[in-house]
Amino acid sequence: MRITEEDEVIIWSEFEQPFRGEESDGGYWDYTNLKSLEFNKKLYEEQLKAICKKLREVGNST
């Protein structure tokens, strides 16, 4: 997957699963019809910070 940062959005695009090629025993995963996903940059960054904070809290509690 490609992650692109623009002024106000984060875009996920060019999805692929390298371990599920056409010759894979588990079957081919085709993402050609999956459209790009766009996220509000400010909200995206806020959520990443919240996840990191939670992970730190969980890591310190063990």
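We're numbering straight along the sequence, starting at 1.
- Note that CG of L37 and NZ of K35 are 11.0 Å apart. Values are rounded to the nearest 0.5 Å.
- Distance CD1/I3 to CD1/I11: 11.5 Å, rounded to 0.5 Å.
- Every side chain to side chain donor-acceptor pair (under 3.5 Å) that K41 has, sequence neighbours left out, goes to E5.
- By the ring pair (Phe, Tyr, Trp, His ring centres under 6.0 Å) test, F39 is found to be paired with W12, Y44, residues two or more places apart in sequence or in another chain being considered.
- Residues L48 and M1 fall within the same hydrophobic cluster, defined by Ile, Leu, Val, Met, Phe, Trp and Tyr side chains chained together at heavy-atom separations under 4.5 Å.
- For R2, the side chain to side chain donor-acceptor pair (under 3.5 Å) partners are E14, not counting sequence neighbours.
- The shortest heavy-atom contact between S24 and F19 is OG-O, 3.6 Å.
- In this structure, the separation between CH2 on W29 and CZ on R20 is 4.5 Å, given to the nearest 0.5 Å.
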